Each structure stands twice: as C-alpha cells, then as structure tokens.
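Computed from a predicted structure; not experimentally measured.
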Amino acid sequence: MDSCRARTSTPWKLIFLSLLLLVVPGLHAFAAANPDQAGTKLAQAVYDRPHGRDASSRGVMLLVDPGHAPRIRQMYVYGRDRGGGENASLIRFVAPADISGTGMLTIDHAGDNTDQWVYLPALDRARRIASSRKGGRFVGSDLFYEDLRDREVSMDRHRLLRKEKFQGVMCDVLESIPRDPDNSVYSKRISWIYPAALIALRVDFYERGKPQPVKRSVVHKIEKIQGYWTVMDSTVTDLVSGHQTRMQIQKIVYDRGLPDNFFSREVLSDPTREAAFRPALQ
Amino acid sequence: MNWTKFRRTRGCSSAGAALVARTCVAWALLAVAAVPLAHARESFRSANDFDTRAAAEARARQLRGPSRSVEVVKGTQQVSVRRLELGYYGEFELARIVQHALQTQGITPAVIRRTTSGYAVSVGRFDRDGALKRQSDRLHALGYRNLHTITTVETRDVYRVVVTALPGAAPRASETSRTSAQGAQKSERFVYISRAQAERKVAQLQQQGYVATMRKESSVLHVKTLMLRVYPQWSDAKRTAARLQKNGIPTRVVNDPIERGYAVNAGAFRDQRNLHARYQKIRKIGYKSISIIPVEVSVTRYVIDATALPTQQAATPPATVAETPAPATANTESGDESQVMVFGGTAEALPSYQSALDSSAPDQAMGFRAKVDQLWVEAGQLTDRSQGVDGSYYVNGAASARWRPSQHWEYRIAARVDGYLQTGTPDYSDGKLDYGDTYVRYRGTNMRLTAGAQTVIWGRVDGIPPTDRLSVQDISRFSLDDLQDRRRAVPALRLESFRQGYKFDALWVPDFRPAELANRDSIWYPVDRQRGQFVGLPYSPLVAPMIKGGTIGEDDGGQGGYGVRMSRTGSGLDYALTVQRARQSLPYYEMNDAARRTLLATGSATAALAAATGDTFVARHPWTTVVGGDLGFESGGATWRMELAYLSAAPATTTDLRLISVKGLDWVAGVEFYPGDANARVNLQLAGHHLLNTPNIIDRKNIYSFNGSLENVFAYNRWRAKLRFSVGLDKRDIYLNPEIAYLGWEPHEVYLGMHYFDGADGTIGGFHKDHSMIVVGWRAHF
C-alpha cells in the first residue's frame with residue numbers, strides 16, 4: 001500500500017501489504033543528482049518487484065477502535081498474474097458471520113479497465129459493482145478502496161527526498177504526488193522504502209488542504225516465503241481518530257498453479273469450489 | 001532434510017512424473033530416516049559428569065573406597081544448544097521495551113542480542129527439547145508470536161568424576177572407570193537426515209566422552225513406490241488413504257499439479273519382498289489400480305562417526321564437528337536469521353489482541369456443520385390506532401445443518417420458525433415452522449445439480465426484479481424486509497452449467513408453492529376484510545360487502561413451472577436472457593361467477609353471497625410465459641442495471657368483475673453510485689408495470705414508480721443509516737423506511753426504524769396508510 005508504488009493491482013497484495021521485493025541492481029544510483037529521476041526509478045523498482053505467479057493466503061484484519069472491543073475480519077485472498085498486464089484476485093470472507101461467504105472478484109485488465117463483482121450469499125447473486133470507487137472504507141477498515149487498486153508509477157510524480165533511519169534501518173524516503181489530483185483521495189504519500197528488500201516500511205498519507213498526514217501504514221514483520229519477501233504483519237492507523245487496522249497473514253502459499261478459471265463467477269458464487277484451494281494452516 | 005534431485009528410471013506418464021517425483025522423494029526419505037533407528041543405542045549418558053565442582057566432589061566422596069581411587073578432573077565439552085529468541089527489532093530501544101515487558105511478566109533471562117537482522121531478545125538457551133517447548137509455550141500464552149530458535153555449539157566446563165581401580169581390585173561394571181574404557185575404543189556410526197538431530201547427537205556423544213565427527217553425505221537411493229491412481233478430488237484421495245491406513249498401511253496424499261489431481265502414495269521400498277507384500281495387501285483390500293514406480297532419489301544425510309576414548313581424555317575432548325560441504329541445493333529456507341524481520345515493537349505491543357485473532361473461528365468448508373443461522377426479534381408500534389390494531393411483533397429463528405463429505409456432494413437441511421403477534425383489534429398470534437433450503441447438491445466439472453427445497457432468485461435489479469418469476473414470495477410481513485427475506489424455499493430441481501463466462505441455469509418446480517401470506521387477521525394480509533378491499537385495487541362499494549362477508553379459497557394445486565436463464569459475465573458488461581413458464585406467486589382474487597352474476601343483476605351483496613357456489617373468491621395463480629432479460633455495466637463511476645420482462649398473461653379484472661388475462665410488461669432501470677466517493681451508497685430505480693391491449697378493467701393499466709435505497713455506514717461501520725423508499729409517479733403512492741442500526745456489537749445488530757405508508761385509493765401506499773409503524777429490533781447472524 002505504499003505510494004511509490006507497491007503494485008496494488010490486486011487486493012491480496014495490498015490488503016496484507018505483500019510487497020514482495022528484491023534488490024534491484026544499481027539502487028545506489030538513487031543518489032543521483034536528479035531526485036525526481038531517482039524517485040521514479042525507485043518507484044518503478046518497487047512496482048516491478050517479483051511477487052510470484054499466484055498467491056493464496058489466509059489472513060485476518062483486526063479493527064481496533066479506542067474504547068471498543070476489537071472486531072475481526074477473516075478472509076482468504078487469492079491472486080494471479082494472468083500476464084499481459086492482467087491480474088485477477090478473489091477475496092472470500094469467512095468471518096464475521098454476517099458477511100461469511102461474501103466474495104469479491106476483481107479482474108484488472110491491461111490499462112485502466114477493471115471489472116469487479118461482489119457475491120452476496122443471502123441472495124446467491126454475483127453483483128457487478130463500481131470498480132472506479134476510490135473512497136469509502138473497505139469493510140469498515142482504515143483501507144480505502146483506492147488502497148486496493150492498481151496505481152501505476154506514471155500516475156504520480158515521485159521525488160526522492162532523503163535517506164532516513166526508520167525502525168533501525170536506513171530507508172529511502174520517497175514522495176509521491178498524483179499528477180491528476182482527481183484520481184486519488186490522497187494529495188500526497190511519503191514512503192519509507194527499506195532498500196534491502198524494497199519494501200515500504202512506513203507510508204504517510206496526506207489529504208488535500210491538510211499539512212499533516214491523516215493516515216499511516218507501518219510494517220511490523222516481513223518474511224521471505226518461497227523466495228518472496230512478504231509483509232506478514234502491518235498496521236494502518238487513522239491519525240485523526242486513532243482507529244487502527246491490523247493485518248496479519250496466517251498462511252500464504254505462492255506459485256501453486258491456481259487455474260485461470262478459478263477467477264470466475266462460478267468460483268465466486270460457490271464458496272465450496274473456492275474452499276478446495278484454501279491454504280491449510282498446518 | 002534435503003534433497004537435490006531425482007530421476008525417473010522407467011517410463012511413466014508425463015503427468016505422473018512430477019507426482020512420482022515428489023512422493024518418491026518424500027517416501028525415500030522416510031526410508032532413510034529409519035537408518036539411525038537401526039543404529040541408535042540408548043544409555044550414552046555418563047552419570048559422572050557435573051556442571052559444578054561441588055557436585056562432582058560430592059559424587060566423588062560417595063564413590064571413594066578401599067579398592068579404588070576417585071578424583072575430579074576439570075575439562076570442557078561442546079554441546080549443541082538452541083537459543084530461543086524474540087525479534088528481530090530494528091531499534092535497540094524497541095528491544096528494550098520488549099525485554100522490560102518480558103521481565104515484568106516473569107521471563108527473567110531476557111537478554112538483548114544484536115544480530116545482522118537487528119536486535120533480538122534472547123529468552124533462554126536450551127539443550128533439551130522439553131525445556132525449550134515449555135518456555136516457548138509460556139511465551140505463546142503471554143501473546144508473543146515472533147519466536148525463532150538459533151542452534152549453536154557451545155563449549156562448557158565439565159567436572160568428571162574419574163574412578164581408578166587400585167591394584168588387585170576388580171573393577172565394578174556399574175562405574176565409569178578408566179580401566180573399563182582402556183584398550184576398548186569403540187566406533188559407532190549414526191546417520192540422520194536432520195541436521196539439527198545430528199548436531200544434538202554429536203553433543204550427546206561428546207558429553208559421553210566420544211570424539212564425534214559429523215559430515216554431510218549425498219547419496220542416491222533406489223526405491224520403488226506404490227502409487228494408487230490419480231483422483232480429481234482431494235477428498236476422494238483422502239478417503240482412499242484413510243481406508244488404507246485403517247488397514248495398517250501408512251499412506252500419504254500427494255498433489256499432482258499437472259493433472260490437477262491427487263494420488264495416494266502407499267509406500268516406498270528398497271526391499272523387493274516388502275514391496276510385494278505391501279502390493280498384495282493393498283490388492284486384498286480391493287484396490288487394483290496400483291502402479292509400481294522405480295525412482296532414484298538423491299538425498300543428503302548427516303553421518304556421525306563416534307569413537308570412545310579413555311575417560312581422562314574425554315574430560316577434555318578433542319572432539320571436532322567437521323562438516324563436509326555437500327553440493328549446493330536449491331533449499332533457500334535453511335537460514336534462520338535472514339528469513340524473518342520484525343520492525344518496531346508494535347508487533348509485541350498488542351498481545352491482548354492476539355487472543356482475539358486466535359479465537360477467530362476456523363471456517364469449515366468441508367465436513368459436517370450444524371448451527372443456528374439467525375435470530376431476530378422485532379416490535380412495531382402503529383402510529384395510527386384508529387383502525388384498531390396498535391402493535392405488530394415478529395420473531396424469527398433459522399437453523400441449518402450441512403454435510404459436505406467431498407467436493408462433489410453436499411447435503412443440507414434447514415428450518416425456520418416464525419412467530420407473529422398482533423395486538424389491538426383484531427389481535428392474533430401465530431407460529432409457523434417451515435423448511436429452509438434443504439437439498440442434495442452434486443458438483444461436477446463446470447456444473448452443479450441441486451435437488452430439493454431451494455431459494456432461487458433470478459434477475460439483476462434490487463427489490464423488485466421483473467424476471468424473478470419462479471421463486472416463492474414471502475409477504476407475511478408485506479414488503480417490510482429486504483429482498484432476501486421476502487423469499488421462501490420451494491422444492492425444485494436446478495441445473496447450473498458454466499462455460500467460458502456463460503452460465504446456463506435451468507430450474508423446474510414440480511409442485512407449486514404459493515406466496516407465503518400473513519394471517520387473515522393481520523394488517524399485512526393482502527385483503528382488508530374490515531374495509532372490504534383487495535390490495536392494489538380501488539375500493540368498490542359494490543364489492544366491499546362481498547369481501548367482508550365472503551369466503552376466500554385457494555387455487556394452489558399443480559406444477560410450479562420451469563425456466564431457463566442464460567447469463568454472461570464479461571469484460572465491461574453482464575447480461576442475461578430468460579424464458580420461463582411460471583405461475584404467479586402472489587394471489588389474484590377471482591369472484592365466484594354465480595355470485596358475480598347475481599351481484600351485477602341485483603346489486604345485492606347478500607343475494608350474491610347466497611348465490612355463490614363454493615368460495616366467494618378464489619386466489620388464483622395464473623400461468624404466464626415470461627421472456628426477459630437484464631444487463632449491468634459500469635459507466636461514469638456508477639453501476640447501471642436494467643431488467644425487462646414480457647408476460648404473456650397477467651391477471652386483470654374487468655369492470656364487470658371478470659378475471660381475464662392480458663399481456664404485460666415489467667421493467668426496471670437503476671443506477672448505483674457512491675456520492676462524494678465516500679461510504680454512502682445510493683441505488684435509484686425507475687420501474688414500470690404495464691398491462692397491454694386491455695379492455696375496460698378496474699386495475700391500473702400503467703404504474704410508474706421511483707424506488708431505491710440510500711445507505712451510509714459510518715464510525716467505521718459501527719453504525720448504519722438507511723432509507724428504503726418507493727414513490728408512485730403517476731399516482732400518489734408513498735412508502736418510506738428510514739432506519740438507524742448499531743452494528744458494532746458483532747454479530748448483533750440493533751435497529752430503530754419506521755415504515756411509513758401513504759397513497760391514493762387503489763395504491764399499495766393507500767391500502768396500508770393506516771399501518772405506518774415505528775419498529776425496534778435485534779438481529780444476529782451466527
């Protein structure tokens with residue numbers, strides 16, 4: 001969910017901040033005289049990180065509101081790179097009970113076209129929904145729908161600000177400002193990129209007319225799984241209300257060969273078919 | 001455990017190759033794992049080694065006697081130790097916070113260690129598995145999850161009690177003596193496939209006074225595996241494996257990524273006789289399709305050569321842990337310290353929430369599950385009590401049990417109970433037990449067949465889909481609830497087939513089930529017997545006495561209908577086409593013909609009622625052929641939905657009170673969007689209902705309405721404000737349903753709302769205009 005931009009083409013990557021990155025040769029060249037060029041290069045490197053052909057994960061979202069009991073969203077998230085710039089993802093909620101079975105299928109086509117459907121088990125109906133939605137909270141979390149969508153590098157102007165230590169490691173601090181202010185709910189993002197893994201350990205989100213960040217994403221734990229660095233634990237905090245969304249991956253499996261027709265209405269509207277592909281916790 | 005390569009030695013199918021490879025390797029390794037068991041011996045421990053000089057001296061005093069001399073010798077030994085750590089943390093201060101938290105929780109040996117990955121908090125060093133596990137469990141119980149272990153070899157001081165037999169004295173077998181070991185250097189060999197196990201063994205041997213050398217060895221094993229056929233479904237393979245295991249045959253289900261199936265591996269053998277015995281045993285159980293697949297497996301083993309030395313030398317063992325490098329392997333997951341990084345202390349600062357995460361119930365996609373699905377209580381107070389009724393109350397409970405023994409089959413049984421209470425005049429109470437979705441379902445490749453009671457709602461638009469003609473409507477609470485709560489299950493046979501984005505859906509309802517109606521005394525019953533009026537028809541002073549004094553029968557026999565729906569989900573556009581032969585779920589009332597003639601001839605309701613042969617009115621559910629379609633697409637940031645249905649026969653009543661069928665057309669066009677790109681959702685629909693080419697009828701020939709919903713969740717989805725509405729465009733006809741609900745107490749929902757009706761005569765709003773009410777309710781899903 002970093003702005004620079006960890007590829008957000010499929011929600012499974014963003015939801016769990018699965019910024020699976022490798023060191024790109026020549027990163028030290030970021031100290032180039034032109035900070036814009038260096039910033040764009042860094043942003044592109046992060047965007048182009050390897051993340052496997054597909055991934056299947058089980059994760060939880062913990063919604064923590066000061067003064068209230070935490071609420072849990074538990075889900076399975078599947079993603080597949082279909083090639084040619086097309087990505088597909090499927091989210092299946094399994095808790096809480098009132099949304100259990102609800103699914104969301106997203107097909108990100110090459111370019112800016114996206115199809116999105118939500119499956120409502122009470123009606124047994126797959127319903128097309130507006131994929132262009134940016135604002136609005138995803139299942140009551142601190143994630144906006146924009147945070148789940150692809151944001152290509154060229155949509156922002158990037159600038160490498162400085163090097164700064166964050167959580168004990170030296171990071172490249174990257175500023176990303178939308179070229180078209182209307183295509184983002186954020187006016188600016190500042191990301192602390194951990195260059196050894198090209199993962200944004202922290203992202204500050206700004207809104208228009210507000211000099212201070214309104215939201216912050218912080219990564220707590222990353223793990224190399226099947227050769228891919230994976231963000232296993234992170235928190236997004238609303239800096240105004242103090243509300244937090246903690247996201248943890250309980251299990252993730254890469255490159256298991258999810259069939260292409262897995263990302264279809266048939267599987268979306270039948271949790272039993274999808275369940276056969278759920279990664280086992282043990 | 002490591003392997004570098006495998007090679008098939010004889011022809012198998014290409015699909016089977018990958019499968020065989022994986023399983024053979026796994027089983028070959030199991031075979032190798034048996035090797036150390038064959039060589040392993042017990043009782044290498046020396047009872048005469050002590051960590052402290054005091055303890056050794058005490059033991060020496062016990063052993064001293066006239067026939068032997070006893071001395072304490074200080075030496076060193078190398079032991080394999082595993083260090084339990086928390087972390088890693090990017091900043092020292094964060095590690096300090098965790099260390100402090102641990103110490104306040106009684107974990108006193110918490111030491112901060114700097115590593116290449118950051119700072120780790122070491123919480124103990126262990127040379128025994130039990131102690132390590134106890135500490136690990138303790139930390140888990142306290143909410144700490146970022147645990148890892150580091151294995152090291154440490155040199156420790158050891159104090160050994162050395163007993164020497166004096167000349168002329170016979171050595172005692174039970175004592176560790178220099179003489180007993182002299183001249184009897186024993187060599188032992190141990191083979192392990194686990195490096196950790198091997199290291200532990202080395203440490204153990206050194207503790208016993210052995211010189212132990214460990215080396216890595218790669219070797220090729222020739223094994224034959226027994227493989228049962230590939231099953232398309234994991235559950236089928238699992239069932240076979242379970243059956244074999246019941247018969248004492250260890251099995252393993254393995255995945256075949258090429259055929260996308262699962263096979264059962266029933267063992268890997270180096271010995272031909274054992275292979276043959278297992279093969280025969282499996283055949284006797286009843287499985288004939290067994291493949292014997294020879295493979296070569298390259299494995300890495302850890303070989304320990306241990307040599308026992310005289311005791312005094314063992315006290316200062318010259319032991320070495322030499323490792324012969326093995327060929328590089330593709331296993332990149334062996335390094336402990338480089339695979340996990342923890343940044344910041346927040347991961348440990350929320351241990352109390354870990355219990356909430358851990359308590360999240362595991363979902364059960366397969367197997368048996370029974371549960372209460374929903375509980376719902378609602379109390380409604382009418383705002384206008386002039387017509388006699390002042391309260392309307394409702395309780396509902398639904399439960400289901402489901403069994404999915406495999407990917408193919410699913411059995412489901414469900415029931416619901418509804419309780420109704422109305423206070424005032426007339427008052428009544430009623431309870432009904434009904435079945436829910438109760439069916440047997442078979443899933444095949446790209447198809448699904450369902451037989452039994454089921455709820456099938458076709459169509460695309462919200463609330464009033466025109467092509468939804470085969471489902472059973474539930475108007476026991478009129479239309480107070482959302483669409484999913486206004487349908488009941490009906491026994492039916494349904495076939496769904498999926499092909500490249502298309503869905504072909506066929507439904508047959510062999511036995512008609514009419515709409516679920518409210519009690520005849522209920523304000524939600526479609527006939528107002530106090531005023532003498534049918535819902536949707538204008539008040540008639542001629543007919544009113546007939547309704548008040550007459551009887552109402554039901555024509556609900558026969559088939560329910562059938563239909564097909566072909567839909568396409570594609571890039572940018574979804575659409576569907578449907579053809580149905582269906583019976584109208586809602587009742588349409590026909591006056592008895594004899595009574596009608598008498599009424600028209602005499603104008604006397606009393607005479608007409610007396611002339612009626614049978615019930616005065618009969619609720620009809622006429623057949624109609626439905627041809628329709630729907631589409632949905634996204635444009636301008638909104639989702640557009642449209643639906644149209646042509647009806648070959650819609651019921652209508654002529655001015656001379658005869659029931660006739662006319663052609664009809666229903667349509668809805670809607671748009672859904674999020675104003676301000678925020679949380680609020682708006683769904684607006686225009687709807688039309690037309691009776692075509694009609695003669696003189698008392699029904700409304702054209703009805704236009706504007707309906708939809710506005711919904712906003714706020715305070716992080718803890719609250720929801722909603723408004724459902726329907727407004728007539730050609731005639732005054734208003735329904736408003738504002739509601740505020742608290743959702744933060746999951747899975748419970750508490751709401752306060754209102755149902756407001758108003759309208760002209762002959763409209764729904766007009767029919768229910770005295771039934772506006774305020775409701776408060778509680779609802780929970782489980």
Output the option from B:A780, B:G637, B:A678 having the highest count of non-hydrogen pairs under 4.5 Å with chain A.
B:A678

Distance check, rounded to the nearest 0.5 Å: B:Y674 atom OH versus A:S132 atom OG?
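If we round to the nearest 0.5 Å, B:Y674:OH and A:S132:OG are 10.0 Å apart.
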
Could you pull out all residues at least two apart from B:R720 that satisfy salt bridge (charged side-chain N to carboxylate O under 4.0 Å, His left out)?
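By the salt bridge (charged side-chain N to carboxylate O under 4.0 Å, His left out) rule, B:R720 matches B:E739, B:E749.
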
With a sphere of 6.0 Å drawn around CH2 of B:W376, does it hold more than 12 non-hydrogen atoms of other residues, nucleotides or ligands?
yes

Looking only at A:V267, A:I107, A:I129, most heavy-atom pairs under 4.5 Å shared with chain B are made by A:I129

Interchain contact, B:F633 with chain A, by part (heavy-atom threshold 4.5 Å)
backbone

Inter-residue atom distance A:F144.CZ - B:N679.CG, 0.5 Å rounding
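It comes to 8.0 Å.
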
Looking at A:R265 and B:D574, does any basic side-chain N land under 4.0 Å from a carboxylate oxygen?
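Judged by the 4.0 Å cut-off on N to carboxylate O distance, A:R265 and B:D574 do not form a salt bridge.
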
Picking from A:D238, A:V185, A:N261, which has the most non-hydrogen pairs under 4.5 angstrom with chain B?
A:D238

Test side-chain contact (heavy atoms from CB on, under 4.5 Å) on B:T569 and A:W117; report intermediate values, then the result.
CA-CA 10 Å; B:T569 302; A:W117 297 267; 3.2 Å; yes

What option among A:R137, A:K134, A:H109 has the most heavy-atom pairs under 4.5 Å with chain B?
A:R137

Would you tell me whether B:R441 and A:T272 have side-chain atoms, one donor and one acceptor, within less than 3.5 Å of each other?
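Absent: no donor and acceptor within the cut-off.
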
Tell me, side chain or backbone of B:N446 under 4.5 Å from chain A's heavy atoms, or both, or neither?
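Answer is both: backbone and side chain atoms of B:N446 are under 4.5 Å from chain A.
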
How long is the straight-line distance from CG of B:D482 back to CG of A:L120, given to the nearest 0.5 Å?
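Rounded to the nearest 0.5 Å, the CG-CG separation comes out at 11.0 Å.
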
Side chain to side chain donor-acceptor pair (under 3.5 Å) partners for A:E266, two or more places apart
A:R273

Looking only at heavy atoms and a cut-off of under 4.5 Å, which of A:S141, A:A126, A:P271, A:G136 has the most pairs with chain B?
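Between A:S141, A:A126, A:P271, A:G136, the count favours A:G136.
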
Counting only heavy atoms closer than 4.5 Å, note whether B:V671 contacts chain A via side chain, backbone, both or neither.
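It is neither, since no heavy atom gets under 4.5 Å.
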
Which atoms of A:R73 come close to chain B, meaning under 4.5 Å heavy atom to heavy atom: side chain ones, backbone ones, both, or neither?
side chain

Is there a salt bridge (Lys or Arg N to Asp or Glu O under 4.0 Å) between A:D124 and B:R494? Walk through the geometry before answering.
CA-CA 14 Å; A:D124 189 23; B:R494 185 185 192 188; 3.6 Å; yes

For B:E410, which atoms come within 4.5 Å of any heavy atom of chain A: side chain, backbone, both, or neither?
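Side chain only.
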
How many angstroms lie between atom CG of A:D182 and atom CG of B:D677, to the nearest 0.5 angstrom?
10.5 Å

Pair A:R125 + B:D630: basic N to acidic O under 4.0 Å:
no

As an exercise: rank B:Q407, B:E496, B:K371 by heavy-atom pairs under 4.5 Å with chain A and give me the winner.
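That would be B:Q407.
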
Less than 4.5 Å to any heavy atom of chain A: does that hold for the side chain of B:T455, its backbone, both, or neither?
neither

Closest-packed option against chain A by number of heavy-atom pairs under 4.5 Å, given B:R779, B:H781, B:R641, B:Q500
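Of B:R779, B:H781, B:R641, B:Q500, B:R641 has the most heavy-atom pairs under 4.5 Å with chain A.
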
I would like to know whether B:D462 and A:R127 meet side-chain contact (heavy atoms from CB on, under 4.5 Å); could you show each step before the answer?
CA-CA 10 Å; B:D462 280 358; A:R127 179 185 170 93; 2.5 Å; yes

Straight-line distance of A:D98 CG to B:L743 CG, nearest 0.5 Å:
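With rounding to 0.5 Å, CG (A:D98) is 8.0 Å from CG (B:L743).
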
OH of B:Y716 to CZ of A:R71: how many Å apart, nearest 0.5 Å?
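Taking OH in B:Y716 and CZ in A:R71, the distance rounds to 10.0 Å.
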
Tell me which of these, B:G632, B:S571, B:S567, has more heavy-atom pairs under 4.5 Å with chain A than the rest.
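Option with the top pair count is B:S571.
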
Going by an N to O cut-off under 4.0 Å, is there a salt bridge joining B:E634 and A:R133?
no

Is chain B contacted by the side chain of A:T245, its backbone, both, or neither, given a heavy-atom distance below 4.5 Å?
neither

Considering only heavy atoms, which portion of B:W458 lies under 4.5 Å from any heavy atom of chain A: side chain, backbone, both, or neither?
backbone

Note: B:N717 and A:V139 closest approach over all heavy atoms is ND2-C, 3.6 Å

With chain A, the option among B:G501, B:S635, B:G570, B:A638 that has the most non-hydrogen atom pairs under 4.5 Å is B:G570

